[in-house]
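Protein chains get the first letters and strands the later ones, always in sequence-line order, with residue 1 at the start of each.
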Amino acid sequence: MAKEITPRAEDYSAWYLDIVKKAQLADNSAVRGCMVIKPTGYAIWENMRDALDRMFKDTGHVNAYFPLFVPKSLFEAEEKNAEGFAKECAVVTHYRLKADTEHKGKLIVDPAAKLEEELVVRPTSEAIIWNTYRDWIQSYRDLPLLINQWANVVRWEMRTRPFLRTAEFLWQEGHTAHATSEEAREETVRMLNVYADFAENFMAMPVIKGVKTESERFAGAEDTYCIEALMQDGKALQAGTSHFLGQNFAKAFEVKYLNSQNQQEYVWATSWGVSTRLIGGLIMTHSDDDGLVLPPRLAPLQVVIVPIPTTGDVVDGVANSILDNLKSRGIRAKYDTDDTKRSGFKFAEYEMRGVPVRIAIGKRDIENNTVEVARRDTKEKTVISMNSVVEYVVNLLEEIQQNLFNRAKQYRDEHITNVDTFDEFKNVLETKGGFISAHWDGTPETEEAIKDATKATIRCIPLDNPQEQGVCVYSGKPSAQRVLFAKAY
RNA sequence: CGGGGUGUGGCUCAGCCCGGUAGAGCACCUCGUUCGGGACGAGGGGGUCGGAGGUUCAAAUCCUCUCACCCCGACCA
């Protein structure tokens with residue numbers, strides 16, 4: 001019985017859903033738009049979280065936790081931010097249920113338990129956090145305040161897809177306060193670099209660092225920096241954002257500090273976040289028609305040892321010895337002794353679940369003093385002598401990590417296309433996809449018109465973008481630089 | 001919020017048009033034979049057919065209401 005995964009070429013969206021399901025990353029739940037993250041999916045998130053958390057700590061941040069609920073009056077305080085999220089907020093209006101007298105065993109909302117003030121389920125935590133920071137910050141000596149929170153947030157999305165867009169998702173949100181604009185700006189860029197570093201070195205997912213245009217900017221931010229990745233179907237994925245918030249929240253929440261000259265000043269702020277959406281990006285960057293492909297650094301299981309039975313007893317000793325040696329080298333490995341599944345089934349199963357390296361050991365190997373090592377990224381199999389297999393695998397994991405990045409980067413680089421006419425723009429978008437590098441006159445009107453005509457949006461203005469005289473691909477007006485367009489998730 | 005679709009064992013679905021007391025494959029349990037790329041045989045357990053109401057001697061099937069989920073669009077990380 002073949003466990004069918006829809007080929008990418010046939011239906012990319014169905015392929016993605018098949019991977020999520022067959023690799024056992026997540027299930028749909030009884031709640032609309034919310035998924036259950038299964039142990040394998042959650043283990044990937046834990047690995048991401050652990051790596052990022054280390055990077056945050058290394059850059060001087062500490063973790064804290066703020067409430068899930070935000071009183072509506074606080075939420076309203078920063079106007080632009082509130083408006084940006086208003087139409088996708090879940091709101092708590094009551095605090096009690098009671099028995100339904102007309103239907104036995106049913107419960108109804110108790111009308112007598114209406115809240116004086118509604119509570120917004122956080123779509124992001126700026127409001128509650130800045131309301132708190134007001135009390136924490138008195139003096140320039142309290143700055144910078146560098147806090148991160150690991151939390152869940154809720155955004156009532158119309159249409160959802162596992163990991164890429166769900167009504168509830170897990171993320172981290174950093175919220176920092178600084179004495180000067182320059183410091184806050186530096187922090188914004190520092191954390192953008194942390195994200196880019198993480199994406200490329202752990203996820204093996206190449207990203208472009210850039211700045212959002214006004215229409216794509218986070219409501220309440222002065223500037224939104226982002227990392228943009230390219231998926232295999234030619235669509236872009238915003239993988240992380242870092243916002244320079246200026247003094248918008250400080251003014252809305254009256255967060256002032258006394259500087260060394262004994263003068264009151266508003267603080268400068270940043271916020272930055274990545275979410276479980278990264279798992280969607282991970283899937284769509286590396287996986288193939290046989291299933292999930294994971295970079296070793298994030299794979300919950302890096303090496304699996306599969307015995308070829310009949311010789312089970314003979315194999316056990318060798319397998320366990322290799323397993324112990326791998327573990328002592330810090331590798332996440334497992335020896336699969338389940339004798340109710342055939343080895344062929346296990347091969348297919350572990351490939352589908354994205355385990356980077358498989359070691360098979362059978363009678364023939366015992367006789368020859370070898371093992372068979374198969375790598376998931378290229379599906380290549382190599383026979384290796386037993387006494388060198390641990391060293392080989394340690395190096396192979398690193399090689400796979402590199403290969404995945406190189407492969408993804410080559411695909412990404414081949415899918416950045418310079419275009420100079422709007423016909424060419426539309427043609428490339430439809431036939432090739434990917435990022436389109438084109439001149440833009442800098443106006444929201446043109447951006448909107450292009451979006452209406454093609455569904456492509458400006459993903460970002462890359463950092464360190466070369467300045468180059470040209471004319472806008474749509475309006476023909478003068479332009480000083482190219483920006484990156486793409487259809488986006 | 002519009003348009004479409006689906007709810008029947010854990011999963012995928014048949015049965016519904018034409019009412020007669022629930023089936024297949026997979027998965028699961030037991031035993032045996034197997035095992036270098038998704039094994040086979042025999043036996044076995046499991047479903048008040050999404051929910052409520054109605055028609056009928058009789059409802060998974062017909063009627064009414066309702067709930068949920070999925071897909072497509074507008075919105076968004």
J.: Does G45(B) have a Watson-Crick or wobble mate here (both distances under 3.5 Å), and if so which one?
T.: none
J.: Give me the ring orientation class for Y133(A) and F66(A): parallel if the planes are under 30° apart, tilted from 30 to 60°, perpendicular past 60°.
T.: perpendicular
J.: Using atom P of each nucleotide, how far apart are U48(B) and G36(B) to the nearest Å?
T.: 41 Å
J.: List the steps, then state whether salt bridge (charged side-chain N to carboxylate O under 4.0 Å, His left out) holds for R364(A) with E367(A).
T.: CA-CA 5 Å; R364(A) 223 158 57 206; E367(A) 287 164 4; over 6 Å; no
J.: Starting from P on C35(B), measure out to CD1 on I361(A) and report it in whole angstrom.
T.: 19 Å
J.: Using a distance-only criterion (donor-acceptor N/O pair, under 3.5 Å, no hydrogens), is the base of G37(B) paired with the side chain of R358(A)?
T.: yes
J.: Can you tell me how far apart CG (L397(A)) and OH (Y392(A)) are? Round to the nearest 0.5 Å.
T.: 10.5 Å
J.: Given the C1' atoms of C16(B) and U61(B), what is the spacing between them in whole Å?
T.: 4 Å
J.: Give me the distance, rounded to whole Å, that separates G19(B) from C57(B) when you measure between the P atoms they each carry.
T.: 15 Å
J.: Any strand is fair game: report the nucleotide pairing with C65(B) by Watson-Crick or G-U wobble, both distances under 3.5 Å, or none.
T.: G51(B)
J.: Quick one: K363(A) NZ to G36(B) P, roughly how many Å, whole number?
T.: 12 Å
J.: Just to be sure I understand the rule, does D365(A) reach a base, reach only the sugar-phosphate, or reach nothing, if contact means heavy atoms closer than 4.0 Å?
T.: base
J.: Sticking with atom C1', work out how far C17(B) lies from G73(B), rounded to a whole angstrom.
T.: 32 Å
J.: What nucleotide, of G36(B), A39(B), C28(B), holds the atom closest to the side chain of K341(A)?
T.: C28(B)
J.: Heavy-atom distance under 4.5 Å between the side chains of L278(A) and M203(A), does that happen here?
T.: yes
J.: If you assign S343(A) and K21(A) each to the RNA chain B nucleotide with the nearest heavy atom, which residue ends up on the more 5' nucleotide?
T.: K21(A)
J.: For C1(B), give its Watson-Crick or G-U wobble partner with both distances under 3.5 Å, or none.
T.: G73(B)
J.: My understanding is that only one of H243(A), K209(A), R185(A) makes a side-chain hydrogen bond (donor to acceptor under 3.5 Å, both in side chains) with Y225(A); could you say which?
T.: R185(A)
J.: Round to the nearest Å and state the distance from E380(A) atom CD to G37(B) atom C1'.
T.: 17 Å
J.: Find the distance D339(A):CG to C35(B):C1' and express it as a whole number of Å.
T.: 11 Å
J.: If you measure from the C1' atom in G46(B) to the same atom in G53(B), how many Å do you get, rounded?
T.: 30 Å
J.: Roughly how many Å is it from CG in D338(A) to P in A27(B), rounded to a whole number?
T.: 13 Å
J.: Which nucleotide, if any, forms a Watson-Crick or G-U wobble pair with G38(B), using both distances under 3.5 Å?
T.: none
J.: Could you give the distance separating G3(B) and A74(B) at their P atoms, to the nearest angstrom?
T.: 16 Å
J.: Provide, to the nearest angstrom, the distance between the CD1 atom belonging to I308(A) and the P atom belonging to G38(B).
T.: 11 Å
J.: Taking CZ from R376(A) and C1' from G37(B), how many angstroms apart are they, rounded to a whole number?
T.: 14 Å
J.: Along nucleotides 69-77 of chain B, 5' to 3', which nucleotides get a B, which get an S, and which get a -, given that the test is a protein heavy-atom distance under 4.0 Å?
T.: SSSSBBBBB
J.: Rounded to whole angstrom, note down the C1' distance from G45(B) over to U30(B).
T.: 11 Å
J.: Yes or no on salt bridge (charged side-chain N to carboxylate O under 4.0 Å, His left out) for D233(A) and R8(A), after CA distance, side-chain angles and deciding distance?
T.: CA-CA 8 Å; D233(A) 63 343; R8(A) 284 167 292 184; over 6 Å; no
J.: Can you tell me the pairing partner of C57(B) across any strand shown, Watson-Crick or G-U wobble, with both distances under 3.5 angstrom?
T.: G20(B)
J.: Can you find a donor-acceptor N/O pair under 3.5 angstrom joining the side chain of K381(A) to the base of G37(B)?
T.: yes
J.: When rounded to the nearest Å, what value does the distance between P atoms of U6(B) and G15(B) take?
T.: 12 Å
J.: Given that both distances must come in under 3.5 Å, which nucleotide forms a Watson-Crick or G-U wobble pair with C26(B)?
T.: G10(B)
J.: Among A39(B), C35(B), G37(B), which nucleotide sits nearest the side chain of P309(A)?
T.: C35(B)
J.: Would you find a donor on one side and an acceptor on the other, under 3.5 Å apart, between the side chain of R358(A) and the backbone of V304(A)?
T.: no
J.: Has the side chain of S321(A) got a donor or acceptor atom that lies under 3.5 Å from a matching backbone atom of G317(A)?
T.: no
J.: Using whole Å, what does the distance between atom C1' of nucleotide G37(B) and atom CZ of R342(A) come to?
T.: 10 Å
J.: Roughly how far, to the nearest 0.5 Å, is the OG1 atom of T378(A) from the CD atom of E399(A)?
T.: 8.0 Å
